[in-house]
Amino acid sequence: MKFHITTFGCQMNVHDSDWLTRALESRGWEAADEDEAQVYVLNTCSVRDKPEQKVYSELGRIAAHLRRDEDVFAAVGGCVAQQVGRGFFERFPFVKLVFGSDGIANAPNALERIAEGSDERVALLDFVSIYEERENPEERTVTLSENRQAFVNIMQGCDNFCSYCIVPYTRGRQKSRHPDAVVEECRALVESGVREVTLLGQNVNSFGMDKGGVGVSFADLLYRVAALDGLERLRFTTSHPKDIAPEVIKAFGELTNLCPSLHLPLQAGSDSILKAMRRKYNTKRYLEIVDALKEARPDIALTTDLIVGFPGETEEDFQQTLEMVERVGYESSFSFKYSDRPGVAAVNMEPKVDPQEASERLMRLQTLQNNITRKCLKNLESRETVAFVEGLSRKQDESGTWWKGRDPAGRIINFSMSEINGLVGMMVPVRITEAKKHSLVGERIGTPW
Ligand code: SAH
Ligand code: SF4
Ligand code: F3S
């Protein structure tokens with residue numbers, strides 16, 4: 001069977017799609033281009049209205065392929081699948097399977113049954129209360145591990161119920177994975193040549209604080225993974241400020257392979273808006289964390305998520321967001337216009353901000369962020385660092401082959417070398433020669449290893 005997976009949304013979805021690809025390939029299935037596929041899988045995101053709408057337009061496009069072959073069918077997974085569920089069967093008769101993030105473990109078997117001709121419609125939408133280990137989590141194909149970077153799930157779900165957010169409804173309650181399983185998967189990956197691991201969860205700082213907990217905190221887990229021989233870079237995402245423990249902050253000062261970057265979603269710079277968002281921290285507490293992090297690791301690069309136009313947000317509230325962005329000096333940020341999601345508490349909060357006004361705020365915020373990003377990158381000119389090579393740069397010219405790598409904080413560095421292959425997955429010492437708008441240019445100053 002030939003299959004094609006399209007993925008929307010966060011790292012966790014990307015990682016789920018990687019796993020599904022491996023699980024199907026281990027059954028003899030083959031990943032294929034859209035034109036050739038017999039099975040289409042959409043792994044969907046519901047966090048804002050836009051990505052949800054994309055799912056329906058994608059399904060419309062897939063419907064066009066059906067004319068080619070009537071055995072072609074589709075599966076919808078991820079957060080919109082969890083939200084809409086069997087509703088997909090009615091609107092799109094060629095959708096034969098829907099699965100949520102907890103149901104994905106059984107999706108490969110269900111897809112196989114349907115492909116074998118079973119005429120059933122399958123809905124894998126039940127939530128589980130304990131993290132379910134998936135088959136062969138660490139078994140990676142050559143193409144997937146070529147760049148020697150890997151993502152490892154440490155938990156599923158979220159218990160925070162921020163008032164704007166649909167994730168707790170689509171991913172279910174928080175379930176931590178057993179720390180031994182996490183460490184074991186990381187160990188196997190590192191032994192197979194992986195040099196960088198990113199630990200994944202909606203709220204990694206509360207790892208272990210649920211039914212799956214066995215008295216191992218997130219900080220403990222970081223120390224255990226960081227100790228793996230051969231692991232050059234360790235990252236994690238996402239962190240909720242309310243749960244970050246002093247031990248995690250300390251780890252940034254002690255663990256040399258823990259990368260100097262942290263994504264710490266602020267969402268808003270006004271205390272009354274943070275309260276309405278149910279974020280359970282205020283700006284004072286947030287800044288204490290930032291200062292402690294900078295003290296533990298002076299070169300730490302902070303990034304964030306921000307929402308503008310949350311119900312009730314005044315111009316003054318918004319000004320406070322701008323002030324926080326300036327005060328923290330984020331290297332970059334993701335900013336979004338508030339979007340009403342079905343069933344969340346903020347749907348009933350008033351007054352809604354005029355969409356035009358929200359768009360203007362978003363633009364002002366992004367202009368400020370671009371200026372700060374530029375300054376942060378400019379400060380790095382002439383510094384020496386190490387680029388972990390991910391592949392070829394998009395732009396090429398006559399000066400040599402341009403490669404794209406990342407520094408320890410995750411910034412993109414493009415540099416040119418005479419090698420035309422063999423550099424992916426290598427560490428290359430470089431000096432930063434120029435700061436671009438969103439990336440750096442460097443020159444090689446040492447031997448790749
Ligand atoms: N677990 C992560 C966030 C996952 S969602 C965390 O707590 O940091 C990613 C981002 O989408 C959020 O940080 C938030 O900024 C944004 N987001 C979530 N719901 C939204 C909504 N209803 N409208 C606009 N942005 C939203
Ligand atoms: Fe959503 Fe809040 Fe959970 Fe993040 S912590 S996933 S924003 S409810
Ligand atoms: Fe989207 Fe679900 Fe991730 S809503 S952001 S795919 S958890």
Side-chain angles (χ1 to χ4, degrees), residues 6-17 42-55 76-84 99-102 104 127 151 153-175 200-207 209-210 236-244 262-269 273-274 276-281 286 302-311 313 321 325 330 333-349 352-353 355 358-359 361-362 365:
T6 305
T7 308
F8 303 98
C10 60
Q11 290 295 2
M12 307 198 68
N13 262 17
V14 174
H15 182 55
D16 281 350
S17 292
L42 295 184
N43 198 2
T44 64
C45 172
S46 184
V47 80
R48 283 168 291 277
D49 187 51
K50 238 195 213 153
E52 181 182 346
Q53 295 312 323
K54 269 200 216 149
V55 177
V76 185
C79 290
V80 182
Q82 192 73 52
Q83 179 199 330
V84 176
F99 59 93
S101 58
D102 286 1
I104 192 174
F127 285 123
F151 294 95
N153 266 348
I154 69 164
M155 65 212 302
Q156 282 278 19
C158 180
D159 285 348
N160 286 323
F161 292 93
C162 300
S163 63
Y164 50 82
C165 186
I166 200 167
V167 172
Y169 304 91
T170 59
R171 296 247 162 188
R173 293 293 59 70
Q174 178 179 307
K175 316 155 254 275
L200 286 183
Q202 286 298 348
N203 179 12
V204 292
N205 289 313
S206 62
F207 174 81
M209 285 144 65
D210 54 70
F236 59 86
T237 200
T238 304
S239 277
H240 194 305
K242 85 175 163 57
D243 295 320
I244 193 163
L262 181 67
H263 188 67
L264 194 64
L266 169 67
Q267 312 298 1
I273 295 294
L274 284 173
M277 287 178 161
R278 300 192 189 149
R279 290 290 287 179
K280 302 191 182 79
Y281 55 83
Y286 187 96
L302 297 171
T303 56
T304 202
D305 288 349
L306 298 157
I307 297 175
V308 303
F310 185 82
E313 184 189 72
T321 297
V325 168
Y330 297 107
S333 57
F334 295 108
S335 43
F336 313 99
K337 263 195 289 182
Y338 167 79
S339 163
D340 255 347
R341 306 308 294 133
V344 306
V347 165
N348 301 316
M349 294 182 184
K352 298 286 191 241
V353 173
S359 298
R361 287 180 192 169
L362 188 67
L365 175 59

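Counting starts at 1 for both ligands and their atoms, in listed order.
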With rounding to the nearest 0.5 angstrom, report the [atom1] to [atom2] distance, [X] to [Y].
{"X": "Ser17", "Y": "Met12", "atom1": "OG", "atom2": "CE", "answer": "12.0 Å"}
{"X": "Leu266", "Y": "Thr303", "atom1": "CG", "atom2": "OG1", "answer": "11.5 Å"}
{"X": "Phe310", "Y": "Ile273", "atom1": "CZ", "atom2": "CD1", "answer": "6.5 Å"}
{"X": "Lys54", "Y": "Cys45", "atom1": "NZ", "atom2": "SG", "answer": "8.5 Å"}
{"X": "Asn160", "Y": "Lys280", "atom1": "CG", "atom2": "NZ", "answer": "6.0 Å"}

Taking all atoms of both residues into account, what is the closest heavy-atom pair of [X] and [Y], and its distance?
{"X": "Ser359", "Y": "Lys337", "result": "OG-NZ, 2.9 Å"}
{"X": "Val308", "Y": "Ala358", "result": "CG2-O, 3.7 Å"}
{"X": "Gly201", "Y": "Met155", "result": "CA-CG, 3.6 Å"}
{"X": "Asn203", "Y": "Ser239", "result": "OD1-C, 4.5 Å"}
{"X": "Pro311", "Y": "Ala346", "result": "CG-O, 3.9 Å"}
{"X": "Asp243", "Y": "Met209", "result": "OD1-CE, 4.3 Å"}

Identify, by atom number and element, the atoms of ligand 2 in contact range of [X], meaning under 4.0 Å from any of its heavy atoms.
{"X": "His240", "result": "5 (S)"}
{"X": "Phe161", "result": "8 (S)"}
{"X": "Pro168", "result": "8 (S)"}
{"X": "Gln202", "result": "6 (S)"}
{"X": "Cys158", "result": "3 (Fe), 5 (S), 6 (S), 8 (S)"}
{"X": "Tyr164", "result": "7 (S)"}

What protein heavy atom lies closest to [atom]? Include the residue and the distance to one decimal.
{"atom": "atom 3 (Fe) of ligand 3", "answer": "Cys10 SG, 2.3 Å"}
{"atom": "atom 7 (O) of ligand 1", "answer": "Arg279 NH1, 3.8 Å"}
{"atom": "atom 9 (C) of ligand 1", "answer": "Asp305 OD2, 3.8 Å"}
{"atom": "atom 18 (C) of ligand 1", "answer": "Val47 CG2, 3.4 Å"}
{"atom": "atom 6 (C) of ligand 1", "answer": "Thr238 CG2, 3.8 Å"}
{"atom": "atom 8 (O) of ligand 1", "answer": "Pro265 CG, 3.0 Å"}
{"atom": "atom 14 (C) of ligand 1", "answer": "Gln267 OE1, 3.4 Å"}
{"atom": "atom 5 (S) of ligand 2", "answer": "Asn160 ND2, 3.3 Å"}
{"atom": "atom 11 (O) of ligand 1", "answer": "Arg48 NH1, 3.1 Å"}
{"atom": "atom 2 (C) of ligand 1", "answer": "Gln202 OE1, 3.5 Å"}
{"atom": "atom 1 (Fe) of ligand 2", "answer": "Cys165 SG, 2.3 Å"}
{"atom": "atom 7 (S) of ligand 3", "answer": "Gln202 NE2, 3.0 Å"}
{"atom": "atom 1 (Fe) of ligand 3", "answer": "Cys45 SG, 2.4 Å"}

Check: Any idea which atoms of ligand 3 are less than 4.0 Å away from a heavy-atom of Val47?
Finding: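 Result: 1 (Fe), 4 (S).
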Next item on the list: Specify side chain, backbone, both or neither for Asn13, according to which of its non-hydrogen atoms lie closer than 4.0 Å to ligand 3.
Entry: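 Looking at Asn13 and ligand 3, just side chain atoms fall under 4.0 Å.
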Next item on the list: Just let me know how Arg171 lines up against ligand 3, side chain, backbone, both or neither, with a heavy-atom cut-off below 4.0 Å.
Entry: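 It is the side chain that gets close, since no backbone atom is under 4.0 Å.
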What I'd like to find out is whether the side chain of [X] reaches to under 4.5 Å of the side chain of [Y], using heavy atoms alone.
{"X": "Leu274", "Y": "Tyr286", "result": "no"}
{"X": "Thr44", "Y": "Pro51", "result": "no"}
{"X": "Val344", "Y": "Cys165", "result": "no"}
{"X": "Leu262", "Y": "Ile244", "result": "yes"}
{"X": "Arg341", "Y": "Ser46", "result": "yes"}
{"X": "Cys79", "Y": "Phe8", "result": "no"}
{"X": "Tyr164", "Y": "Arg279", "result": "yes"}
{"X": "Gln174", "Y": "Cys158", "result": "no"}

Check: Any heavy atom of Gln11 sitting closer than 4.0 Å to ligand 3?
Finding: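 Checking ligand 3 against Gln11, which is what was asked, there is no heavy-atom contact under 4.0 Å.
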Notebook entry, point to check: Out of curiosity, is Ser46 lining ligand 3, as in a heavy atom under 4.0 Å away?
Noted result: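 Under 4.0 Å: yes for Ser46.
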Notebook entry, point to check: Any non-hydrogen atom of Arg279 lying under 4.0 Å from ligand 2?
Noted result: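 For ligand 2, residue contact (heavy atoms, under 4.0 Å) with Arg279 is present.
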Does at least one non-hydrogen atom of [X] fall below 4.0 angstrom from an atom of ligand 1?
{"X": "Lys337", "answer": "yes"}
{"X": "His240", "answer": "no"}
{"X": "Ile307", "answer": "yes"}

Check: Relative to ligand 2, is Cys162 under 4.0 angstrom through side chain, backbone, both or neither, heavy atoms considered?
Finding: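 The answer is both.
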Next item on the list: Report the part of Pro265 in contact with ligand 2, treating N, CA, C, O as backbone and CB onward as side chain, heavy atoms under 4.0 Å; options are side chain, backbone, both, neither.
Entry: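 No part of Pro265 comes within reach of ligand 2.
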Notebook entry, point to check: Is ligand 1 under 4.0 Å from a heavy atom in the side chain of Ser339, in the backbone, in both, or in neither?
Noted result: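 Contact part for Ser339 vs ligand 1: both backbone and side chain.
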Next item on the list: Check Phe336 against ligand 1 and report side chain, backbone, both or neither, counting heavy atoms closer than 4.0 Å.
Entry: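 It is the side chain that gets close, since no backbone atom is under 4.0 Å.
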Check: Between Arg171 and Asp16, is there a salt bridge with N-O shorter than 4.0 Å?
Finding: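 Salt bridge flag = yes for Arg171 with Asp16.
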Next item on the list: Answer yes or no for Cys79: is there an N/O/S atom below the 2.8 Å cut-off from atom 2 (Fe) of ligand 3?
Entry: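 So Cys79 does bind atom 2 (Fe) of ligand 3 by this criterion.
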Next item on the list: Report, in ascending order of atom number, the atoms of ligand 1 lying under 4.0 Å from any heavy atom of Arg341.
Entry: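 Listed by number with element: 22 (N).
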Notebook entry, point to check: Which atoms of ligand 1 are found less than 4.0 Å from any heavy atom of Tyr338?
Noted result: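 Answer for ligand 1: 23 (N), 24 (C).
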